[in-house]
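The block underneath contains the structure these notes are about, expressed in structure tokens.
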Amino acid sequence: MLQIPLLYSHHQFLPKVNLSLETNFSYISKMPETEYSFGRSFLSLRRDQAHLMDPTSFSEPMTMEVELDSFQRQVAEKFIDLNASADEDEILSLEWIGKLLDSFLCCQEDFRVIIFNHKPQLLKQPMDRLIEEYFERSVKALDVCNAIRDGIEQIRQWQKLIEIVISALDTNQRQLGEGEIHRAKKALIDLAIGMLDEKDSSNTHRNRSFTRNKDHNQHIGYIRSLSWSVSRSWSASRQLQGIGNNLATPRASDVMATNGLALTVYTMTSILLFVTWVLVAAIPCQDRGLHVHFYFPRHFQWAVPVMSLHDKIMDESKKRDRKKKGCGLLREINQIERNSRMLSDLIDSDNFSLTDEKCTLEVKERVQELMNVCEAIKEGLDPFDRKVRDVFHQIVRTRTEALDSLGSFKIKNRTF
């Protein structure tokens, strides 16, 4: 049974092994004949059998093989480039994840074209089952997009708190006084608690706006704003598990029976799983969990860079404070947390004094660091949001066009 995506939420999208680059290229170039890039040996065997039986059938499988091989090469090239650019300062940044989404959109569009070009194949076994399973997984990815959209809104709320801190402590605008320090402290406290993992914050509640919490924790005096469009029981971790559930390399018989289309569907499903996993890893999300089983056979060209990226992201996760993982591994989020904590420690220190020139100079430096992060978010968050929307729409478009086209094809070719 298909899981219906949350298309009617208030944030809906309708009118949501480390290896170097050189090693990757080396591995691909030295790949043995028995491990062709995407099961080419199966395709070649299928082509040769068809040619022996009917010489006139040679050109079509050959053209199809070239088309599918080109798709596999493009996926590999995209992720080799992504892996090469994923150094410690770049990976999981808004810019880098934006590149990941751009690559996914390119692959998804080529996949859509391949499906359209081979509609008759999709109605035959086992292709009908494989494409149906892909569409079921893609529906789950739509819910992930919706949840990520909510996470983006949460980052915007944090950005507003940072702007309050910057406004209060900007020494270029006014001389610091007790009132400005008090205002900054309150915003920093709200920000720190807002970035806690939900499981570690017993006083958190879902609400649509920042309001006063009059019943609990009077010394904090606020409740956290989440505004999730997904239900309270929704889990990003379970959604990822649903996308990856029973994902296995196609059997040789299925590859031959589908002229290689089974491998194309497997590749697109694998990329869909990886991209949604990265989004959940980076952006604040309900019930985040990164321990999704990944195994992609190395004889796929794209598998080596994808698994390398997976390992790099898991390494980043291990570096983070457990209580801070809940707010996402996005580089800009980490910078917000680190710089705001250092500033809070400074102005909360017993040695802090407004008359101490050294203290005021250090405050100015910390505020400047927050300004830099805030500017990066301003520049990067809206384009990132649009790309998440594009991913949502592209998945919907591929699914809708394919189902409509297959339905029309069935009616056209129905015999009475």
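Keep in mind that what you see is a predicted model, and the values were worked out from it rather than measured.
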Between Lys319 and Glu316, is a salt bridge (Lys or Arg N to Asp or Glu O under 4.0 Å) present by the stated rule, with each step listed? CA-CA 5 Å; Lys319 296 176 185 177; Glu316 283 294 313; 3.2 Å; yes
Let's go through Met64 and Leu261 carefully: what are the C-alpha distance in whole Å and the side-chain angles of both, what is the deciding distance for side-chain contact (heavy atoms from CB on, under 4.5 Å) to 0.1 Å, and is it a yes or a no? CA-CA 9 Å; Met64 186 174 181; Leu261 275 173; 3.3 Å; yes
Pair Arg386-Asp390, salt bridge (Lys or Arg N to Asp or Glu O under 4.0 Å): steps then yes or no: CA-CA 6 Å; Arg386 286 193 294 270; Asp390 289 344; over 6 Å; no
Start with the C-alpha gap between Glu136 and Lys140, add the side-chain angles, then the distance that decides, and say whether salt bridge (Lys or Arg N to Asp or Glu O under 4.0 Å) holds. CA-CA 7 Å; Glu136 287 180 358; Lys140 294 179 173 63; 5.6 Å; no
Going through the distances and angles, do Arg366 and Glu369 end up as a salt bridge (Lys or Arg N to Asp or Glu O under 4.0 Å)? CA-CA 5 Å; Arg366 299 300 177 205; Glu369 290 171 349; 3.3 Å; yes
Start with the C-alpha distance between Phe111 and Tyr134, add both sets of side-chain angles, then the distance that settles ring-ring contact (aromatic ring centres under 6.0 Å, His included), and finish with yes or no. CA-CA 12 Å; Phe111 178 71; Tyr134 172 78; 5.0 Å; yes
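Residues Asp150 and Gln154 have side chains that never bring a donor and an acceptor to within less than 3.5 angstrom of each other. Using modelled atom types and a 3.5 Å distance limit, the side chains of Ser353 and Thr355 yield a donor-acceptor pair.
Taking 4.5 Å as the limit, some side-chain heavy atom of Leu247 sits within range of a side-chain heavy atom of Tyr266. Side-chain contact between Phe116 and Glu401 is absent, with no heavy-atom pair separated by less than 4.5 Å.
Checked by atom type and distance alone, the side chain of Thr400 never pairs as donor or acceptor with a backbone atom of Arg397 at under 3.5 Å. Distance alone, capped at 3.5 Å, places no donor-acceptor pair between the Ser349 side chain and the Leu346 backbone. Looking only at distances, no side-chain donor or acceptor of Arg73 sits under 3.5 Å from a matching main-chain atom of Gln301.
Ala187 approaches Ile164 most closely through the heavy-atom pair CB-CG2, 3.8 Å. Taking every heavy atom of both residues into account, Val265 and Leu130 meet most closely at CG1-O, 3.8 Å.
Atom CD of Glu88 has 12 or fewer heavy atoms from other residues, nucleotides or ligands within 6.0 Å.
Using bins of under 30°, 30° to 60° and over 60° for the plane-to-plane angle, the ring pair Phe294/Phe274 lands in the perpendicular bin.
Residues that satisfy the side-chain contact (heavy atoms from CB on, under 4.5 Å) test with Lys378, not counting sequence neighbours, are Gln159, Glu163, Cys374, Glu375.
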